[in-house]
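Just below is one structure, and these are the notes that go with it.
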There are 2 protein chains.
Amino acid sequence: MGIQDRKERDKLEMRKRIIDAAMHMFTKEGYEHASIRKIADKIEYSPATIYLYYKDKDELLYDVQAECFSKLVDIFKREANAPHPFTRLEQICRSYVQFGKNHAEMYDLMFIMKSPMNNVHEHENWQNADDAFAYLAKTIAECMEQGLIKYDNLYLGALSVWAMGHGLVSLNIRCRMKVMDMTEEQTDDAINAAIEGYLSTIKK
Amino acid sequence: MGIQDRKERDKLEMRKRIIDAAMHMFTKEGYEHASIRKIADKIEYSPATIYLYYKDKDELLYDVQAECFSKLVDIFKREANAPHPFTRLEQICRSYVQFGKNHAEMYDLMFIMKSPMNNVHEHENWQNADDAFAYLAKTIAECMEQGLIKYDNLYLGALSVWAMGHGLVSLNIRCRMKVMDMTEEQTDDAINAAIEGYLSTIKK
DNA sequence: TTGAAAAATAAACACTGTTCAGTAAATTTG
DNA sequence: CAAATTTACTGAACAGTGTTTATTTTTCAA
C-alpha cells in the first residue's frame with residue numbers, strides 16, 4: 001500500500017521537524033528555553049502533538065543527541081584523518097576540545113546532561129555515541145599495534161584519553177575552573193597545554 | 001545589644017536548618033526531589049520563608065555545596081596525609097574517585113551541576129572549592145620541588161590531575177561509560193586502572 | 001456519503017521557583 | 001502598661017514546566 005508508505009514517511013518527517021526545532025532552540029537559546037511548549041510553538045503544533053511522536057522529553061532529547069553526535073563524527077572525519085595514527089589521535093583530541101568550546105550546548109547534551117540517558121535502559125547500549133567512540137578506539141588500536149603509545153589495553157587507553165579530554169572540557173563548561181584565578185584566555189591556554197602535555201606523556 | 005546578637009544567631013541557625021534539610025533531601029532522595037517546597041515542609045515553614053534567608057535556590061545550593069566541600073577536605077585530611085608527596089598525590093586521587101562513587105549526589109552538586117555556580121559572579125572567585133584545590137595544589141607543588149613528577153607548571157599539573165579524575169568520575173556518574181559494553185564491576189575496575197595508569201605515566 | 005480510524009488539540013493535573021499583599025509576633029516607644 | 005512600629009512569617013497567586021485525557025477535527029476506505 002502506497003498510503004501506508006506515505007504515512008510512514010509523514011511520521012518520520014514530523015519527527016524530523018520536531019528534532020530540528022528542538023535542536024535550533026537548544027543551540028540558539030540554551031536548554032532552559034527548549035521547552036516542549038516552545039518547540040511546539042516553533043513547528044506550529046500543540047504541545048500534546050509532540051507526545052504522539054515521542055513518549056517523553058527524554059526520548060526526544062535522545063534523538064537530538066544523535067544529531068549532535070553525527071556532527072561530531074563529521075568533524076572527526078574532516079579534521080582528524082592523518083594517516084599516521086598518533087598524529088590522528090592528536091587531531092581527534094584537538095577537535096574534541098574545540099567542539100566543546102564552539103558548541104557548549106551540544107556538548108552538554110552529549111556528555112554532561114542527565115536527561116537523554118534515561119532513554120538508555122539498564123543493560124542496553126548507548127548507540128548514539130558508538131561511531132564517535134569507535135573512531136577514537138580504532139585510532140588508539142592502530143597506535144598500539146605500531147607501538148606508538150604506552151597503553152597496552154584498548155579500552156583503558158580510549159577511556160583515559162577520553163576522560164582527560166572530557167575532564168578539561170566539562171570543568172570549563174561548568175565554570176569549575178574559576179577555582180584557579182585565570183582569565184578566560186589563560187584558561188583556554190591551560191586546557192590546550194594540558195591536552196598537549198598529556199599526549200606527550202603517553203607517547204612512546 | 002544582646003538582642004541584636006541573638007537575632008544574628010537566630011538568622012544563622014535558621015540558615016543552618018535550611019541547609020541541613022536541603023542537604024538531607026539532596027543526598028537521600030536526589031536533586032529532583034529537593035524542591036523549595038519540600039525543604040520548607042521538612043523544616044515546618046512556608047516556602048516563602050526560605051526567601052527571607054536566601055535570595056534564590058542557587059544561593060541556597062551554593063551553601064549546601066560549601067558543606068559538601070568541607071566533607072571532601074575532611075576526607076583528604078584523613079585519607080591523604082602520607083608524608084611522601086607522591087604517595088599523598090596517589091591517596092588524593094583515590095579518595096577523590098571514591099568520594100565520587102560513594103556520594104554521587106554531592107559530587108554532582110560540587111563539580112557537575114550548573115545551578116550553584118550562578119552564584120559565583122563574573123570575575124569573582126569560587127571560594128567553596130578553595131581549600132580542596134589548595135590541598136591538591138600543595139601536594140603537586142611538593143612533588144615538583146622534589147622532582148617526583150613530570151610537570152613543571154603548578155597550575156598545569158593540578159589541572160591535569162584534576163581533569164583526569166573528574167573526567168573518569170563524571171563520565172561514570174552521568175552514565176556515559178555505557179558506550180563501552182562493560183559490567184558495573186568492569187567499569188569500576190577500568191576507572192581505577194585509568195587513575196593508576198595515569199599516575200604512573202606522570203611519575204618521574 | 002457515511003462511518004470508522006487516525007491525527008491534532010484544548011484543557012486540565014501536578015509540579016516547579018518566585019513574588020507580594022496581608023497577617024501574626026516581637027520589640028520599641030510614648 | 002498600651003500603642004505604634006518594626007520584624008517574621010505565610011497564603012495565595014503568577015508564570016512557567018512536563019504530561020495526560022477527553023474531545024474535536026481530519027483522513028480515507030467502503
Side-chain angles (χ1 to χ4, degrees), chain A residues 1-19 21-23 25-26 29-65 105 108-109 113-119, chain B residues 1-19 21-22 25-26 29-65 108-109 113-119:
Chain A
M1 267 293 190
I3 288 172
Q4 281 302 322
D5 292 356
R6 199 219 58 209
K7 289 210 168 176
E8 201 66 31
R9 276 204 313 279
D10 284 358
K11 197 129 197 164
L12 284 175
E13 220 172 80
M14 183 62 154
R15 282 173 80 111
K16 178 131 187 51
R17 269 210 298 281
I18 296 171
I19 295 169
M23 178 74 128
M25 221 97 222
F26 205 89
E29 306 175 42
Y31 175 68
E32 290 89 67
H33 302 98
S35 70
I36 296 284
R37 278 176 177 81
K38 284 181 188 165
I39 293 165
D41 255 24
K42 191 148 207 149
I43 58 170
E44 295 175 297
Y45 278 86
S46 97
T49 302
I50 288 177
Y51 287 88
L52 301 174
Y53 297 88
Y54 286 103
K55 84 170 213 290
D56 56 25
K57 198 183 180 185
D58 292 349
E59 195 176 81
L60 163 55
L61 285 183
Y62 189 78
D63 269 13
V64 177
Q65 194 195 54
E105 293 289 346
D108 205 333
L109 183 63
M113 274 180 47
K114 217 168 205 163
S115 168
M117 302 307 282
N118 294 337
N119 218 245
Chain B
M1 268 290 186
I3 290 174
Q4 282 301 322
D5 292 356
R6 199 216 58 208
K7 290 210 168 177
E8 201 65 31
R9 277 203 313 279
D10 285 357
K11 197 132 199 163
L12 285 175
E13 219 171 82
M14 183 63 151
R15 281 173 81 111
K16 178 128 188 54
R17 270 212 297 281
I18 297 171
I19 296 168
M25 220 100 225
F26 204 89
E29 307 176 39
Y31 176 66
E32 292 89 65
H33 302 99
S35 70
I36 297 283
R37 278 176 176 81
K38 285 181 187 163
I39 293 167
D41 255 24
K42 191 147 207 150
I43 58 170
E44 296 175 296
Y45 278 86
S46 97
T49 302
I50 289 178
Y51 288 88
L52 301 175
Y53 298 88
Y54 286 103
K55 84 170 214 288
D56 56 25
K57 197 184 181 184
D58 292 348
E59 196 176 81
L60 163 54
L61 285 182
Y62 188 78
D63 268 12
V64 177
Q65 195 194 55
D108 205 333
L109 183 65
M113 275 182 44
K114 215 168 205 162
S115 169
M117 302 308 282
N118 295 336
N119 217 245

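Throughout, protein chains are lettered first and strands after them, A, B, ... in sequence-line order, and every chain is numbered starting at 1.
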Going by number, which of residues 37-45 of chain B have a non-hydrogen atom under 4.0 Å from DNA chain D? B/R37, B/Y45
Phosphate-side-chain proximity, B/S46 and D/dG11, N/O vs OP1/OP2 below 4.0 Å: no
To the nearest Å, how far apart are A/N118 CG and D/dG18 P? 14 Å
Once side chain to side chain contact (heavy atoms under 4.5 Å, CB included) is applied, do any residues pair with B/T49, and if so which ones, sequence neighbours excluded? B/M14, B/Y45, B/S46, B/L52, B/Y53
Gap between atoms CD and P, on B/E32 and D/dT17 respectively (whole Å): 19 Å
Measure from CG on A/D58 to C1' on D/dG18 and round the result to the nearest Å. 10 Å
Set of side-chain hydrogen bond (donor to acceptor under 3.5 Å, both in side chains) partners for B/K11, sequence neighbours left out: none
Does some side-chain heavy atom of B/N119 sit less than 4.5 Å from a side-chain heavy atom of B/K55? yes
Using five pairs at each end of the helix from C/dT1-D/dA30 to C/dG30-D/dC1 to define an axis, what is the angle between those two axes, to 10°? 30°
Return the set of residues passing side-chain hydrogen bond (donor to acceptor under 3.5 Å, both in side chains) with B/D58 (not counting sequence neighbours), or none when no residue passes. B/S115, B/N118
Any chance CD of A/E44 has more than 12 other-residue heavy atoms, nucleotides or ligands included, within less than 6.0 Å? no
The salt bridge (Lys or Arg N to Asp or Glu O under 4.0 Å) partners of A/R37 (sequence neighbours excluded) come to none
Residues passing the ring-ring contact (aromatic ring centres under 6.0 Å, His included) test with B/Y51, sequence neighbours excluded, are none
Results of salt bridge (Lys or Arg N to Asp or Glu O under 4.0 Å) for B/D108 - residues two or more places apart only: A/K114, B/R174
Sequence neighbours excluded, which residues qualify as side-chain hydrogen bond (donor to acceptor under 3.5 Å, both in side chains) partners of A/K38? none
Who are the side chain to side chain contact (heavy atoms under 4.5 Å, CB included) partners of A/E13, not counting sequence neighbours? A/R17
Those residues that, when tested against A/Y62, pass side-chain hydrogen bond (donor to acceptor under 3.5 Å, both in side chains) (two or more places apart): none
Gap between atoms CG and P, on B/L60 and C/dT18 respectively (whole Å): 10 Å
Roughly, in whole Å, what's the span from CZ in B/R17 to C1' in D/dA8? 13 Å
Over how many whole Å does the gap from A/K11 atom NZ to D/dT27 atom P extend? 16 Å
Atom CD1 of B/I36 to atom C1' of D/dG16: distance rounded to whole Å? 16 Å
In residues 49-57 of chain A, what residues come within less than 4.0 Å of DNA chain C, judged by heavy atoms? A/T49, A/L52, A/Y53
Figure out the CE/P separation between A/M14 and C/dA7, and round it to whole Å. 11 Å
